[in-house]
2 protein chains.
Amino acid sequence: MDQRFSPLKARLAARREAGVTDGLDNCPIRTVVSSFANKWSPLVLQLLSEQPYRFGELRRLVPDISQRMITQSLRDLQRDGYVSRTVFPTKPPSVEYRITPLGQSLYEAYRSLVDWAEDNHEKVRAARAAFDAGEGA
Amino acid sequence: MDQRFSPLKARLAARREAGVTDGLDNCPIRTVVSSFANKWSPLVLQLLSEQPYRFGELRRLVPDISQRMITQSLRDLQRDGYVSRTVFPTKPPSVEYRITPLGQSLYEAYRSLVDWAEDNHEKVRAARAAFDAGEGA
DNA sequence: CTGGATCCTCTATGATACTG
DNA sequence: CAGTATCATAGAGGATCCAG
């Protein structure tokens with residue numbers, strides 16, 4: 001039976017009963033999500049889902065990203081197998097980043113969250129404003 | 001026309017052209033995702049998607065969460081309208097947290113990412129191991 | 001052009017003690 | 001029971017300079 005469909009409550013209880021001691025550090029979800037859910041990786045992956053880009057092109061597309069963070073985001077995406085990196089030994093060198101099939105499928109899953117955000121961010125802003133107003137009173 | 005379907009590249013270019021200066025701070029996606037994508041909120045929302053819980057029950061279900069962080073996660077979820085908080089004036093007091101329709105629909109969108117992670121985390125681990133091995137060589 | 005190396009700051013998270 | 005207040009720490013992210 002597919003453990004995925006058991007309630008999270010039951011899974012957490014089973015972990016405790018089994019004496020699992022590692023916290024949730026190698027939880028499958030965290031393995032994937034915690035490395036992806038940072039400030040820039042989702043944005044970079046979305047751009048690469050449209051077409052391949054070179055390093056400098058990505059920088060120009062996202063002006064407020066620092067050089068250090070775009071490098072790190074690309075490395076993280078590459079490390080997890082979401083993008084490939086190809087060096088063309090021109091002079092000066094050029095490097096192309098291209099999304100992989102794994103990355104494309106991750107992006108499509110992430111996309112449902114993006115769509116939800118675009119559809120519902122007004123409701124969230126409204127709830128936030130109402131909550132903050134209630135607090136001030 | 002629905003701007004959602006224009007490429008991100010075009011949207012970023014339009015922002016620059018319009019002289020938008022706020023970085024991406026009020027990007028609809030960040031408004032939603034950056035407050036939700038922290039260490040504990042997704043886990044708490046998932047538990048509440050199964051049934052309502054009281055404060056202490058949630059603590060016991062997630063043993064390695066600190067008191068401070070569960071409070072903050074619940075406040076953040078409440079603030080954005082994803083969960084409701086009901087105080088029962090018993091003695092000692094008890095407080096019930098319950099997911100809202102907005103929270104339920106967010107959870108369903110997030111769920112596609114969870115499912116992807118469960119289906120593909122082995123591939124990600126493998127890619128990561130291969131990458132790290134290549135680095136060491 | 002594509003980064004690597006350093007230094008610095010700020011925020012998220014955690015530990016602990018206290019309260020209605 | 002359900003929190004709040006305070007202090008401490010690790011890591012993310014940013015600025016800057018340097019190099020193949």
Side-chain angles (χ1 to χ4, degrees), chain A residues 21-25 27 30 33-44 47-48 52-80 83-98 131 134-135, chain B residues 21-25 27 30-31 33-44 47-48 52-80 83-98 131 134-136:
Chain A
T21 175
D22 65 356
L24 293 166
D25 289 341
C27 164
R30 292 208 163 161
V33 173
S34 71
S35 73
F36 179 66
N38 56 49
K39 192 167 180 180
W40 299 111
S41 291
L43 190 66
V44 172
L47 280 166
L48 291 176
Y53 283 110
R54 290 180 35 200
F55 187 88
E57 293 177 314
L58 289 170
R59 278 200 62 189
R60 281 187 295 279
L61 284 169
V62 192
D64 48 353
I65 193 175
S66 68
Q67 203 170 41
R68 183 178 174 277
M69 289 319 293
I70 193 168
T71 297
Q72 182 173 319
S73 298
L74 286 167
R75 280 290 170 286
D76 290 347
L77 291 171
Q78 185 191 357
R79 182 176 127 102
D80 284 5
V83 308
S84 66
R85 175 178 182 271
T86 307
V87 181
F88 295 100
T90 55
K91 204 174 124 142
S94 77
V95 178
E96 181 197 76
Y97 292 92
R98 180 184 293 267
F131 183 86
E135 294 299 278
Chain B
T21 175
D22 64 355
L24 292 166
D25 290 340
C27 164
R30 293 209 163 164
T31 298
V33 174
S34 71
S35 74
F36 178 67
N38 55 50
K39 192 167 180 180
W40 299 110
S41 291
L43 190 67
V44 172
L47 280 165
L48 292 176
Y53 282 110
R54 290 181 34 204
F55 186 90
E57 292 177 315
L58 289 170
R59 277 200 62 189
R60 280 188 296 278
L61 284 169
V62 191
D64 48 351
I65 193 175
S66 67
Q67 202 171 40
R68 184 178 177 280
M69 288 319 293
I70 193 168
T71 297
Q72 182 173 317
S73 298
L74 287 167
R75 282 291 173 284
D76 291 346
L77 291 171
Q78 185 191 356
R79 182 176 126 102
D80 283 4
V83 308
S84 65
R85 176 178 181 272
T86 307
V87 181
F88 295 99
T90 55
K91 205 173 122 137
S94 77
V95 178
E96 181 197 76
Y97 292 91
R98 181 184 293 266
F131 184 86
E135 296 298 280

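Just the heavy atoms: all of them, side chains too, but no hydrogens, waters or symmetry mates, feed the values below. Here is the naming used below: chain letters follow the sequence lines, and residue numbers restart at 1 for every chain. What you see is a predicted model; the values in this text were computed from it and never measured.
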> What integer distance in Å separates I65(B):CD1 from dG14(C):P?
Replying inline: 8 Å
>> Once side chain to side chain contact (heavy atoms under 4.5 Å, CB included) is applied, do any residues pair with T90(B), and if so which ones, sequence neighbours excluded?
In response: F88(B), S94(B)
> Between atom NZ in K39(B) and atom P in dA12(C), what is the gap in whole Å?
Replying inline: 14 Å
> Could you give the CG-to-P distance, from D25(B) to dG13(D), as a whole number of Å?
Replying inline: 14 Å
> Y53(B) side chain N/O closer than 4.0 Å to the phosphate oxygens (OP1, OP2) of dA2(D)?
Replying inline: no
>> Checking contacts here: which listed nucleotide (dC1(C), dT4(D), dC1(D)) is nearest the side-chain heavy atoms of P92(A)?
In response: dC1(C)
> Considering only heavy atoms from C-beta outward, does the side chain of W40(B) approach that of I70(B) to under 4.5 Å?
Replying inline: no
> Out of dG3(D), dT2(C), dG14(D), which nucleotide sits closest to the side chain of V95(B)?
Replying inline: dG3(D)
>> Does a side-chain N or O of R85(B) approach OP1 or OP2 of dG3(D) to a distance below 4.0 Å, or not?
In response: yes
> Going by atom types alone, do D80(B) and S35(B) pair a side-chain donor with an acceptor below 3.5 Å?
Replying inline: yes
>> On DNA chain D, compare the nucleotides closest to W40(A) and R60(B); which residue's is nearer the 5' end?
In response: R60(B)
> R59(A) side chain N/O closer than 4.0 Å to the phosphate oxygens (OP1, OP2) of dC1(C)?
Replying inline: no
> Given dG3(C), is OP1 or OP2 found less than 4.0 Å from the side-chain N or O atoms of R68(A)?
Replying inline: no
>> Quick check for you: among dA2(D), dG14(D), dA15(C), whose closest atom lies nearest to any side-chain atom of R54(B)?
In response: dA2(D)
> For DNA chain D, whose closest nucleotide is more 5', that of Q67(A) or that of S94(B)?
Replying inline: S94(B)
>> Minimum heavy-atom separation for D64(A) and L24(B), please, with both atom names.
In response: OD2-N, 3.5 Å
> Looking across every strand, which nucleic acid part, if any, lies under 4.0 Å from F88(A) by heavy atom: base, sugar-phosphate, or nothing?
Replying inline: nothing
>> Taking the minimum atom-to-atom distance to the side chain of P93(B), which one of dG3(D), dG14(D), dG20(C) wins?
In response: dG20(C)
> Side chain of F55(A): nearest nucleotide among dG3(D), dT13(C), dG3(C)?
Replying inline: dG3(C)
> Looking at CZ of R85(A) and CG of L77(A), how far apart are the two atoms once the value is rounded to the nearest 0.5 Å?
Replying inline: 13.5 Å
